[in-house]
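I have placed the structure first, in the form of structure tokens, so that the comments after it can refer back to it.
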Number of protein chains: 2
Amino acid sequence: MEHVREELDRLILKGGYGYASISRLLGRNPAYVQQFIKRGSPRKLDDQDRKTLACFFGVDEQVLGGPANPVTDGMVEIPVLDVEASAGFGAVAASESAHTRFGFDERWLRHLTSAKSASLSIVGVKGDSMEPTLSDGDEVLVDASDHGSRLRDGIYVLRSDDALVVKRIAIKPGGRQITIASDNPAYPTWHDMDRSEVHVVGRVIWFGRAL
Amino acid sequence: MEHVREELDRLILKGGYGYASISRLLGRNPAYVQQFIKRGSPRKLDDQDRKTLACFFGVDEQVLGGPANPVTDGMVEIPVLDVEASAGFGAVAASESAHTRFGFDERWLRHLTSAKSASLSIVGVKGDSMEPTLSDGDEVLVDASDHGSRLRDGIYVLRSDDALVVKRIAIKPGGRQITIASDNPAYPTWHDMDRSEVHVVGRVIWFGRAL
DNA sequence: CCTGATTGTAGGAATTTTCCTAGACTCGAA
DNA sequence: TTCGAGTCTAGGAAAATTCCTACAATCAGG
């Protein structure tokens, strides 16, 4: 903790400001900073003062005894695709406006997938075919880079004619054959389909649901 | 500034904690919180104390007089609480370590709840007691302003001794009695509990799950 | 070398924060 | 009901903070 006083002392000395003027900067009496450094009078700097000083000297608050910086830049925004517009093959007008989106912590996201954020998108689930795993209205995070030869057991978003559908895919061991199923047993399951028959949009790696 | 005292008072009252235990949470003398609220003794809360309280009650620091959370163009950031640190009454060293957080579209969020973003937080689910609705590792969005007299049927985060737990609450029609249940039938259900017996942190309004 | 202005220093006063304690009260168990 | 343990409350003590002030040192301009 003494380290903070020395650091502040050095900063003031280097800049040639003098204790008095720095005290005035804080809106305190002229002896305030001198007391802090030489007498250790306020054991800690007030939160507000610390901010002011860190800003003034252009150093991190941490140097003056502040909290470790919570790295504020690691936020990745993933847009929610408008399914109505994106499902068909017709050219999609990329409307900039009105897209809702989710933000994920970068570290958290890297925990989930190694995919680049550009290949991620969010799609709303329609219908009950994937109950109880996914319900109508859920939002699923889709990794568009995770298909093709990397296809493996799991839940995928597929393109079917002009719509996006969510299905569970199982790989038949050793072959090119795959099974496409809906978790809801009321829906049919297709066995032994060829990979080339299905258009995989991407793998579902996360979903959110309102309660 | 008085608003902060009232807000803290309300939080303590609603949760039914009492001033003394909250004072102990801060590692202060038992009269400390009472003095702050009734006498206005420390004009401001110490930075450290504010963090601890915000974490404990699952609200944003802003509510307790902290710095305003930057809302970047329609995106609301909700912090993930460090449950290990926030749940218990034992004096807790509020860990400064970088909190992960999620971002929600403001419009989307308002669709989900009318609560102010400052009263929202995210908690990780531990254990299988809420299977199949919630699984271990899920992240739930908690509305800390939605309890007390507004308690209604639904899933809530409760404080139990030194841990946070997620349970389903059902209100017995017409009375103060409530039922606390786990969705997993392997866990017991408690009937006819009095509202004052449980410490409600907030209502679960959304969750996310990795697949 | 003087003079006046400003600074750093340190003693101590004024104020605020923090703690301690005793009394009134509530609640549950005996 | 009585007792004991816990709470909230308020008064005031103890400790920390913030401020004030006088004094010595420094420095620039005469």
Side-chain angles (χ1 to χ4, degrees), chain A residues 1-2 4-53 56-57 64-66, chain B residues 1-53 56-57 61 64-66 88-94 148 159-162 176-177 190 192-200:
Chain A
M1 199 26 122
E2 285 311 305
V4 172
R5 296 175 215 286
E6 294 168 18
E7 187 59 36
L8 180 58
D9 201 10
R10 183 157 50 248
L11 282 171
I12 294 176
L13 198 63
K14 263 195 180 175
Y17 298 109
Y19 299 155
S21 55
I22 298 298
S23 294
R24 274 195 298 276
L25 170 68
L26 298 177
R28 306 271 193 178
N29 71 82
Y32 191 83
V33 170
Q34 181 264 3
Q35 277 182 151
F36 173 72
I37 292 176
K38 294 288 159 69
R39 232 184 325 184
S41 164
R43 230 184 296 254
K44 302 176 187 178
L45 280 175
D46 187 84
D47 198 44
Q48 193 67 49
D49 293 341
R50 203 193 317 120
K51 277 204 184 74
T52 306
L53 291 175
F56 180 80
F57 287 112
L64 301 175
Chain B
M1 199 25 122
E2 286 311 304
H3 168 258
V4 172
R5 296 174 217 286
E6 293 169 18
E7 188 59 37
L8 180 58
D9 201 10
R10 185 156 48 245
L11 283 172
I12 294 176
L13 197 64
K14 267 196 176 174
Y17 299 111
Y19 298 154
S21 54
I22 299 298
S23 295
R24 273 195 297 277
L25 170 70
L26 298 178
R28 305 273 193 177
N29 71 82
Y32 191 83
V33 170
Q34 183 261 7
Q35 278 182 151
F36 173 71
I37 292 176
K38 295 288 160 71
R39 235 185 322 186
S41 165
R43 230 183 299 251
K44 300 177 188 180
L45 280 175
D46 186 83
D47 199 43
Q48 192 71 48
D49 294 341
R50 203 193 318 120
K51 278 204 183 73
T52 305
L53 290 175
F56 181 81
F57 287 111
E61 272 193 70
L64 301 175
F89 274 105
V92 181
R159 194 182 308 279
S160 166
D161 287 332
D162 271 8
R176 283 188 55 81
Q177 309 278 305
W190 294 275
D192 297 338
M193 293 192 66
D194 195 86
R195 291 186 183 207
S196 62
E197 289 182 80
V198 295
H199 292 171
V200 177

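Every chain is numbered from 1, with letters handed out A, B, ... down the list of sequences.
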query = Nearest-Å distance, CG (B:Asp49) to P (C:dT17)?
reply = 13 Å
task = Starting from P on D:dT17, measure out to CG on A:Leu45 and report it in whole angstrom.
result = 11 Å
Under 4.0 Å protein heavy-atom contact, by nucleotide of nucleotides 9-16 of chain D - B base, S sugar-phosphate only = BBBB---S
key: Length of the line joining A:Ile37:CD1 and C:dT9:P, which is rounded to integer Å   = 9 Å
task = Step by step, work out the side chain to side chain contact (heavy atoms under 4.5 Å, CB included) result for A:Phe56 and A:Leu11.
result = CA-CA 10 Å; A:Phe56 180 80; A:Leu11 282 171; over 6 Å; no
ask   = Taking DNA chain C as the partner, which of residues 22-29 of chain A come within under 4.0 angstrom of it by heavy atom?
value = A:Arg24
Donor-acceptor contacts, no H, no angles, side chain residues 22-33 of chain A, under 3.5 Å, sequence neighbours left out:
residue : atom : partner : partner atom : Å
A:Ser23 : OG   : A:Tyr19 : O            : 3.1
A:Ser23 : OG   : A:Pro30 : O            : 3.2
A:Ser23 : OG   : A:Val33 : N            : 3.0
A:Arg28 : NE   : A:Asp49 : OD2          : 3.3
A:Arg28 : NH2  : A:Asp49 : OD2          : 2.9
A:Asn29 : OD1  : A:Ala31 : N            : 3.0
A:Asn29 : OD1  : A:Tyr32 : N            : 3.2

task = Check the distance between C:dG28's P and B:Asp194's CG and give it to me in whole angstrom.
result = 10 Å
inquiry  = Between the side chains of B:Asp9 and B:Arg5, is the shortest nitrogen-to-carboxylate-oxygen separation below 4.0 Å, so that they form an ion pair?
reply    = no
message = Output the rounded distance in Å from CG (A:Asp9) to P (C:dG8).
response = 10 Å
request  = Drop me the distance from B:Glu6's CD to B:Leu13's CG, to the nearest 0.5 angstrom.
outcome  = 13.0 Å
ask   = What is the distance from CG of B:Asp46 to P of D:dT17, rounded to the nearest Å?
value = 11 Å
key: Residues A:Lys44, B:Asp47; criterion side chain to side chain contact (heavy atoms under 4.5 Å, CB included); working and verdict   = CA-CA 11 Å; A:Lys44 302 176 187 178; B:Asp47 199 43; over 6 Å; no
query = Say you draw a straight line from CD of B:Gln48 to CG of B:Leu53; how long is it, rounded to the nearest 0.5 Å?
reply = 10.5 Å
